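What follows is a set of notes on a single structure, which appears directly below.
Naming: A, B, ... by sequence-line order, numbering from 1 per chain. Predicted, not measured: the structure shown is a model, and the values here were computed from it.
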There are 2 protein chains.
Amino acid sequence: MSTIEIPDVVIQRLPLYVRVLAGVLSQGTKVISSKDLGDILQITPAQIRKDLSYFGRFGKQGRGYNVRFLRDELRQILGLDQMWSTCLVGVGRLGEAIINYPGFIPEGFNVLAAFDSDDKSVGRMVGDLRVDSISNLDEIIQSKCIQIGIVAVPASDAQSVIDKLVSSGVTGILNYAPISAQVPNDAFVRNLDPVLSLQSMTFYLTRGNETSIDAI
Amino acid sequence: MSTIEIPDVVIQRLPLYVRVLAGVLSQGTKVISSKDLGDILQITPAQIRKDLSYFGRFGKQGRGYNVRFLRDELRQILGLDQMWSTCLVGVGRLGEAIINYPGFIPEGFNVLAAFDSDDKSVGRMVGDLRVDSISNLDEIIQSKCIQIGIVAVPASDAQSVIDKLVSSGVTGILNYAPISAQVPNDAFVRNLDPVLSLQSMTFYLTRGNETSIDAI
DNA sequence: ATATGTGAATGGGTTCACAGCT
DNA sequence: AGCTGTGAACCCATTCACATAT
C-alpha cells in the first residue's frame, strides 16, 4: 500500500463506472471488458484500466471484469457501502425538489433534516420532513450525526450557511448556490451551478461547431 | 489570430472571472490585479493571466485590469452579450424550481417554453409559462428560436428527450438527468448530477482529510 | 515599484504498447 | 486469441521567471 496521490478526475469517474455497471448488471450482463465499458461512457479502454489500477487488480486477463464484483469493489472504495446522512438548508422551490428527489435514497443518501431561516417556513412539512429553524442547526446536526450539508439558499446567504454547517461538524458540502465557497481544507465542496454551466456552453454555441467538448 | 485550441477548463473558468468582476465592480472597484482576482477565486495569478492571454491583452502592466472592461470583454467572448432562448423539458418539482429560478434572466438566459409528457400537466401555468405537450416541441422550438434545452425529466426519458431537442435544432443541452447523454458532435451537453457529485465526495469523506480537493 | 504577458520548464493525466495471464 | 495491468511515452495544463510596460 503506497501513498500515490490519486487524481480527483479519476475519483470523479468512478461513480460513472458504478452507474454503468449497475445498469448492465440489471440487464443480466455478468462480465464486461474495458472496451465495452468505454464504448458506453465514451472513455478509452486504457483510461478505464488505468483508473482501476490505482485501486487494485479487478479483472481477469483474456476475459474482462466481473460486473457485480467490480461494482461492489468500486462502491466500497467510494464509501457507498454505507448510508450517508445529509441535511438540506434552504427550503425554497429547489429545496423542496431536493427533499422529494427519489434518486438519493437508492444511492444511500438520506436527507434527514431541513432548515430554513424564514420563520414562516419553519414547522411546515415538506415530504416527510418538518422544516427546522437554522438556529437549531448545530444541535440537530450533532444529534442526527449528519455528515453532508446540501445548500440551496440564495447566494447572499450561502457562505454563512456553509460556515455554520462546517463549524457544526459537517465535512461535505453540496452547494447549489452561485458562489465560490470557502471551506477549511478538512472539508470538501462540490458545486452545482447551472448558470456557470450555461455560461461556458455558450462559448461553443456562438462558434458553431468543430470545437467538440466532452460531456462530463 | 490563430487556431490554437483553447482548453475547455479555461473556458469553464471564464464565467467565474465574469462573476467576480461583476461583484467587485458593484462594490466600486475600478481596477484589479490578477493576484487579487486569484485570491478571491483561489486560483494562481499566473493561471489567470495565462487564461486571459488566449484571448488578448486586457491588462495594463504595473496597474492591473480595468474591471468593467475585462468583464465586458469576457462576456463578449463567452457570448453573454446577447439573450439566450431556452426551453425546459420536464415540469416536475425540479422543473418548477428551474422555471422560477431568478438567477437566469439577469445572466441572459430566458426560459421561453416548458414541456411535459404528462397530459395532466399540459395546459397548467408554471410561473409565466403554460406547459406545452412534448408533441409540440419541434414546432415551438422553431417558432421561438430556442437554442438551449434544459432537461429535467427522469433518467429513463432523458436520452429520447435530448434526441428530440437536438433534432429540432437545439445545440446546447443542460442535462439534470442522471445519464451519460449521447449527442452528435455539433451539439454540446453540460451535466448537473447531484448524485455523481455526492458519490465522488464520499471518497474523501471516508478518508478523513489530508487529500484536499479543489472546489470548482 | 508594480503588475502584465509569455516563452520555457515543470507537473500531471492520458494514451501507447506490450508482457503476462486465461 | 483476447483482454488485463502497467511502465514508458506523450500530450496538455499549470507554474515559473523574466522581459516589458507604466
Side-chain angles (χ1 to χ4, degrees), chain A residues 1-14 16-17 21 24 29-67 69-71 73-74 77 200 211-214 216, chain B residues 1-14 16-17 21 24 29-67 69-71 73-74 77 200 203 211-216:
Chain A
M1 198 46 139
S2 52
T3 322
I4 315 144
E5 199 54 57
I6 298 160
D8 187 51
V9 270
V10 173
I11 304 303
Q12 293 196 47
R13 280 191 293 267
L14 300 187
L16 291 171
Y17 302 158
L21 291 167
V24 301
T29 305
K30 295 267 190 291
V31 173
I32 195 168
S33 67
S34 58
K35 178 176 183 313
D36 292 343
L37 235 183
D39 286 345
I40 296 170
L41 286 165
Q42 297 183 268
I43 292 177
T44 65
Q47 175 98 82
I48 291 171
R49 294 200 303 276
K50 183 60 112 181
D51 285 355
L52 298 178
S53 76
Y54 282 104
F55 303 97
R57 303 145 66 108
F58 305 110
K60 280 203 170 55
Q61 286 159 325
R63 294 201 36 73
Y65 300 90
N66 178 299
V67 175
F69 173 71
L70 181 57
R71 182 203 59 176
E73 287 290 311
L74 291 178
I77 289 162
S200 62
T211 336
S212 187
I213 56 172
D214 22 16
I216 311 153
Chain B
M1 197 47 139
S2 51
T3 320
I4 317 145
E5 199 54 58
I6 297 160
D8 187 53
V9 270
V10 173
I11 304 303
Q12 293 198 44
R13 279 191 293 266
L14 300 186
L16 290 170
Y17 302 159
L21 291 167
V24 300
T29 305
K30 296 266 190 292
V31 173
I32 195 167
S33 66
S34 58
K35 177 175 183 311
D36 292 342
L37 236 183
D39 287 344
I40 296 169
L41 286 164
Q42 298 182 265
I43 293 177
T44 65
Q47 174 100 81
I48 291 171
R49 295 200 302 275
K50 183 60 109 181
D51 284 355
L52 299 178
S53 75
Y54 282 104
F55 303 98
R57 303 146 65 108
F58 305 111
K60 281 204 169 55
Q61 286 159 325
R63 294 202 38 72
Y65 301 89
N66 179 298
V67 174
F69 173 72
L70 181 57
R71 182 203 59 177
E73 287 290 312
L74 291 178
I77 290 163
S200 61
F203 174 82
T211 337
S212 187
I213 58 172
D214 22 17
I216 310 155

Test B:Y65 against B:L21 for side chain to side chain contact (heavy atoms under 4.5 Å, CB included), laying out the working first.
CA-CA 10 Å; B:Y65 301 89; B:L21 291 167; 5.9 Å; no

Rounded to whole Å, how long is the line connecting atom [atom1] of [X] with atom [atom2] of [N]?
X     : N      : atom1 : atom2 : value
A:Y17 : D:dT4  : OH    : P     : 13 Å
B:F55 : C:dG5  : CZ    : C1'   : 15 Å
A:I48 : C:dT15 : CD1   : C1'   : 13 Å
A:N66 : C:dT22 : CG    : P     : 15 Å
A:I11 : C:dG12 : CD1   : P     : 16 Å
B:D51 : C:dT4  : CG    : C1'   : 14 Å
A:R63 : D:dC3  : CZ    : P     : 10 Å

Between [Y] and [X], is there a side-chain heavy-atom distance shorter than 4.5 Å?
X     : Y     : result
B:L70 : B:Y17 : no
B:I48 : B:L52 : yes
B:V24 : B:I40 : yes

Any [X] side-chain nitrogen or oxygen under 4.0 Å from OP1 or OP2 of [N]:
X     : N      : result
B:T44 : D:dT15 : yes
B:S34 : C:dA3  : no
A:S33 : D:dC3  : no

How does each nucleotide of nucleotides 5-13 of chain D score, in 5' to 3' order, for protein heavy atoms under 4.0 Å: base (B), sugar-phosphate only (S), or none (-)?
BBBB----S

Criterion side chain to side chain contact (heavy atoms under 4.5 Å, CB included) on B:Y54 and B:I11, from CA distance to verdict
CA-CA 10 Å; B:Y54 282 104; B:I11 304 303; over 6 Å; no

Taking atom CD1 of B:I32 and atom CG of B:L37, what is their separation to the nearest 0.5 Å?
4.0 Å

